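For clarity, every value in this text was computed on a predicted model and none was experimentally measured. Throughout, a chain's letter reflects where its sequence line sits, starting with A, and its residues are numbered from 1.
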Number of protein chains: 2
Amino acid sequence: MTGNTPDGPTAPSLDAGSRRSSPATLEDVARAAGVSLATASRSLNGSSRTVNAAYRSKVLDAAARLNYSPNLSAQAVARGSTMTVALVVADITDPYFSSIAAGVVAEADQGRLIVTMAATERDSERELEIVRTLRGQRPKVIILAGSRREGDPSEEALRRELEDYERAGGRVVLISRNELGFRTVQIDNASGAADLATALVGLGYRRFSVLTGNRELKTAADRLDGFTSGLERAGIRVEADRVVQSAFTRDGGYEGMRSLIAAGVQADEVVFAVNDVMAVGALSALRDAGLTPGADVAVAGFDDIPTVQDVWPTLTTVNVPLVEVGRAALRLALEETDASVSADSDASTAPGSPVATSVVVRDSTPRRA
Amino acid sequence: MTGNTPDGPTAPSLDAGSRRSSPATLEDVARAAGVSLATASRSLNGSSRTVNAAYRSKVLDAAARLNYSPNLSAQAVARGSTMTVALVVADITDPYFSSIAAGVVAEADQGRLIVTMAATERDSERELEIVRTLRGQRPKVIILAGSRREGDPSEEALRRELEDYERAGGRVVLISRNELGFRTVQIDNASGAADLATALVGLGYRRFSVLTGNRELKTAADRLDGFTSGLERAGIRVEADRVVQSAFTRDGGYEGMRSLIAAGVQADEVVFAVNDVMAVGALSALRDAGLTPGADVAVAGFDDIPTVQDVWPTLTTVNVPLVEVGRAALRLALEETDASVSADSDASTAPGSPVATSVVVRDSTPRRA
DNA sequence: CGCGATCGAGAAAGCGCTTGCCGAGCGTCC
DNA sequence: GGACGCTCGGCAAGCGCTTTCTCGATCGCG
C-alpha cells in the first residue's frame with residue numbers, strides 16, 4: 001500500500017490531510033495511551049491477565065477519546081473463533097420463522113453475539129448450499145429452523161456438512177424435530193396435535209378433515225399423525241380423501257381448502273390445518289366460497305402465530321412459544337460452550353424435554369350443540 | 001514438477017491422526033496443489049490477475065478435495081473490508097419489517113453478501129447503541145429500517161455515528177424517510193395517504209378519524225399530514241379529537257380504537273390507522289366491542305402487509321412493495337460501490353424518486369350508499 | 001539483607017488471507 | 001539476433017488483533 005513507511009519520525013500519513021477516515025486501530029490506542037499493544041489489548045478485552053489499574057484507565061481513556069471499536073474480523077482471526085450465530089429459516093416473512101428469529105436475536109444480544117440470517121425458500125438444495133457457504137463465516141452456532149422432507153436426497157450431504165462443522169468446533173441446533181442427530185429444541189408436534197384432537201372431540205366434533213402441507217415434510221407428518229392418533233383414541237378415523245396435501249404456506253392452505261370445498265364440506269366438520277398460516281388461508285378460501293368459517297365449517301391450526309388473534313373468527317390452535325423457542329435454541333447451543341448459566345435452566349428449556357404446547361380454543365371452533 | 005514434493009519428509013500434520021478437525025486453510029490447499037500461497041489465493045478469488053489454467057485447476061481440485069472454504073474473517077482483515085450488510089429493524093415479528101428483511105436477504109445472496117440483523121425494540125437509545133456496536137463488524141452497508149421520532153435527543157449522536165461510518169467507507173441507507181441526510185429508499189407516505197383520503201371520499205365517506213401511532217414518529221406524522229391534506233382538497237377537516245395517538249403496534253391500534261369507540265363512533269365514518277398492524281388491531285377492537293367492521297365503522301390502513309388479505313373484512317390500505325423496498329435499499333447502497341449495474345436500474349428504484357404506492361380498496365371500506 | 005517467588009509490561013510470533021514487487025521465462029519487433 | 005516488453009509464480013510484507021514468552025521490577029520471608 002503505502003510502501004514501507006518507517007512511520008515513527010516521518011509520520012507520512014498526516015500530510016495526506018483532511019480526508020483521513022479509517023477507524024482507530026488498537027495500535028492507535030496503544031500509542032495514544034503510551035503503552036504496548038499487548039497491554040492495550042489486555043485492558044480492553046483480555047480476561048486472563050490483569051492490568052495495572054493506572055495503565056488500564058489510560059488505555060480506556062485513549063480508546064474512548066479515539067472512539068475505538070475493535071475490529072471483530074481481526075479478533076476472530078486472532079482468536080480462531082467468531083461471535084456469530086447463523087440462523088437459517090425457510091421464509092423470513094412467515095410469522096413462524098420471524099417469531100423464532102426474534103427470539104434468537106433477542107437472546108443473541110444479551111451475549112454480544114451477532115446473528116446472520118439466510119433464507120432457504122423451502123428448497124433443500126438451497127439449504128445445503130447455504131450451510132456450505134456458511135462455513136466461510138465460521139459461525140459459533142448454526143440454527144436450522146426449517147423442517148426437512150422425508151427421503152430428501154440432499155439430507156445426507158447436509159448431515160455430513162453439519163458434522164464436519166461440529167467437528168471443527170461449531171454447534172448445530174435444530175428446531176422442532178431432531179431429523180439429523182444434533183441438539184434440538186423439540187416441539188411436541190405429535191402430542192400437541194393429539195391434544196387438539198381431543199379438545200375438538202370434546203367440543204362435539206365428529207368429522208374431521210386435514211390440510212397437510214406436503215406430507216413429506218416431517219413436521220407436517222408428525223402433526224398429522226398426532227392428530228389422527230388423538231382421534232383414534234376417541235374411536236374416530238379420518239377418511240383418506242379428507243386429508244389433502246398442498247404447500248406448507250398460506251396459499252397452500254387456501255388451495256387445499258378449495259379442494260376440500262369442491263369435494264363437499266359439512267357443517268359438523270372441522271378442518272385441521274397443520275399450521276396457522278395454512279389455516280388462515282383456509283379461512284379466506286371459505287369466505288371466498290361464500291361460507292362462514294366457524295359456523296359452516298370449523299377450522300383449527302397449529303403454532304399460535306400472532307395474527308390468528310386478529311382474523312375472524314379468531315383461530316383455535318395449538319400454542320407454541322415461538323419466541324421462546326428461538327431463545328432456547330441459542331441457549332442450548334451455548335450451553336457447554338459457555339460452561340456457565342447451566343444451573344438455572346428452567347424445565348421448559350432443558351435439553352431433553354420438548355417445549356410444552358397447549359391447545360387454545362377460540363371462535364373458529366364453536367361448541368357443537 | 002510434481003516429483004520433488006519438498007514438504008514430503010516432514011509433513012507433521014498427517015501423523016496427528018483421527019481427531020483433526022479445523023477446516024482446511026489456504027496454505028493446506030496451496031501445499032496440496034504444489035503451488036504458492038499467492039497462486040492459490042489468486043486462483044480462488046484474486047480477480048486482478050490471471051493464473052495459468054493448469055495451475056488454476058490444480059488449485060481448484062485441491063480446494064474441492066480438501067473441502068476448502070475461505071475464512072471470511074481473514075479475508076476481511078486482509079482486504080480491509082467485509083461482505084457484511086447490517087440490517088437494523090424495530091421489531092422482527094412485525095410484518096412490515098420482516099418483509100423488508102426478506103427483500104434485503106434475497107438481494108444480498110445474489111451478491112454473496114452476508115446480512116446481520118439487530119432489533120431496536122423501537123427504542124432510540126438502543127438503536128444508537130446497536131449502531132455503535134455495529135462498527136465493530138465493519139459492515140459494508142448499514143440499513144436502518146425504522147423511523148425516528150421528532151425531537152429525539154439521541155438523533156444527533158446517531159447522525160454523527162453514521163457519518164463517521166460513511167467517512168470510513170461504509171454506506172448508510174435509510175428506509176421510508178430521509179431523516180438523517182443519507183441515501184434513502186423513500187416511501188411516499190404523504191401522497192399515498194392523500195390518495196387514500198381521496199379514494200375514501202370517492203367512496204362516499206365524509207367523517208374521518210385517525211389512529212396515529214405516536215405522532216412524533218415521523219413516518220406516522222407524514223401519513224397523518226398526507227391524509228388530512230388529501231381530505232382538505234375535498235374540503236373536509238378531521239376534528240382534532242378524532243385523531244388519537246397510541247403505540248405504533250397492533251396493541252396500539254387496538255387501544256386507540258377502543259378510545260375512539262368510547263368517544264362514540266358513527267356508521268358513516270372511516271377510521272384511518274397509519275399502518276396496517278394498527279388497523280388490524282382496530283378491527284379486533286371493533287369486534288370485541290360488538291361492532292361489525294366495514295358495516296358499522298369502516299377502517300383503512302397503510303402498508304399492505306400480507307395478513308390484511310386474510311382478516312375479515314379484508315383491509316383497504318395503501319400498498320407499499322415492502323420486499324422490493326428491501327431489495328432496493330441494498331441495491332442503492334451498493335450502487336457506486338460496485339460501479340456496475342448502474343445503467344439498468346428501473347425507474348421504481350431510481351435513487352431519487354420515491355417508491356410508488358397505490359391505494360387498494362377492499363371490504364373494510366364498502367361504498368357508502 | 002539476600003534470594004526466590006510473583007507480578008505484569010512489552011516484544012514478537014502468529015491467525016488466515018491478500019497483494020505489491022521481483023524476476024524467470026518467453027514472445028516479439030526491428 | 002539482441003533488446004525489450006509481457007505474463008505470471010512466488011516471496012514476503014502486511015491487515016488488526018491475541019497470546020506466549022521473556023525479563024525487569026517488586027515483594028515476601030527467613
(message) Can you measure B:L66 atom CG to C:dC17 atom P for me and round it to whole angstrom units?
(response) 12 Å
Using nucleotides 23-26 of chain D, report all nitrogen or oxygen pairs with the protein that are shorter than 3.5 Å.
none

(request) Grab the CZ-P distance between B:R79 and C:dG16 for me, whole Å please. (result) 17 Å
(message) Expressed as a whole number of angstroms, how long is the span from A:E27:CD to D:dC15:C1'?
(response) 11 Å
(request) Search all heavy atoms of A:F182 against all heavy atoms of A:L162 and return the closest pair with its distance. (result) CZ-CB, 3.4 Å
(message) For a 4.5 angstrom cut-off between non-hydrogen side-chain atoms, does B:E27 reach B:L37?
(response) yes
(request) Could you check how far CG of A:N45 sits from C1' of D:dT19, rounded to whole Å? (result) 12 Å
(request) Begin with the C-alpha distance, continue with both residues' side-chain angles, and end with the deciding distance and a verdict on side chain to side chain contact (heavy atoms under 4.5 Å, CB included) for B:Q75 and B:M83. (result) CA-CA 10 Å; B:Q75 284 190 319; B:M83 295 298 273; over 6 Å; no
Give me, pair by pair, the N or O atoms of the protein and of nucleotides 5-12 of chain D that are less than 3.5 Å apart, along with how far apart they are.
residue, atom, partner, partner atom, Å
D:dC8, OP2, B:T50, OG1, 2.6
D:dG9, OP1, B:N52, N, 2.5
D:dG9, N7, B:R49, NH2, 2.4
D:dG9, O6, B:R49, NH1, 2.9
D:dG9, O6, B:R49, NH2, 2.9
D:dG10, OP2, B:S36, N, 2.8
D:dG10, OP2, B:S36, OG, 3.3
D:dG10, OP2, B:T39, OG1, 2.9
D:dG10, N7, B:R42, NH2, 2.7
D:dG10, O6, B:R42, NH1, 3.4
D:dG10, O6, B:R42, NH2, 2.8
D:dG10, O6, B:R49, NH1, 3.4

(request) Examine distances only and state if a side-chain atom of A:T82 and a backbone atom of A:A76 form a donor-acceptor pair shorter than 3.5 Å. (result) no
(message) Between B:E179 and B:S147, do the side chains contain a donor N or O and an acceptor N or O under 3.5 Å apart?
(response) yes
(message) Measuring only between side-chain heavy atoms, which start at C-beta, is A:S41 closer than 4.5 Å to A:L26?
(response) yes
(message) Using a strict threshold of under 4.0 Å (side-chain N to carboxylate O), is an ion pair present between B:R148 and B:E127?
(response) yes
(request) Determine to 10° how strongly the helix from C:dC1-D:dG30 to C:dC30-D:dG1 is bent, judged from the axes of its five-pair ends. (result) 40°
(request) Report yes if at least one side-chain N or O of A:N71 is closer than 4.0 Å to OP1 or OP2 of D:dC15; otherwise report no. (result) no
(request) Determine, step by step, whether A:N71 and A:T25 satisfy the side chain to side chain contact (heavy atoms under 4.5 Å, CB included) criterion, reporting the C-alpha distance in whole Å, the side-chain angles of both residues, the deciding distance to 0.1 Å, and the verdict. (result) CA-CA 8 Å; A:N71 182 324; A:T25 69; over 6 Å; no
(message) Using OP1 and OP2 only, check whether a side-chain N or O of A:S41 sits under 4.0 Å from D:dC17.
(response) no
(request) Would you indicate whether the side-chain heavy atoms of A:P139 and A:Y165 approach each other to under 4.5 Å? (result) yes
(message) Please report the distance, rounded to the nearest Å, between CG in A:L72 and C1' in D:dG16.
(response) 12 Å
(message) C:dC17, OP1 or OP2 - any side-chain N/O from B:Q75 closer than 4.0 Å?
(response) no
(message) Would A:L60 and A:L44 count as a side chain to side chain contact (heavy atoms under 4.5 Å, CB included) here? Give the steps.
(response) CA-CA 7 Å; A:L60 263 36; A:L44 293 169; 3.6 Å; yes
(message) Run the salt bridge (Lys or Arg N to Asp or Glu O under 4.0 Å) test on B:R135 and B:E161 for me, step by step, so that the C-alpha distance in whole Å, both residues' side-chain angles and the decisive distance to 0.1 Å come before the verdict.
(response) CA-CA 9 Å; B:R135 299 188 53 177; B:E161 196 68 37; 3.3 Å; yes
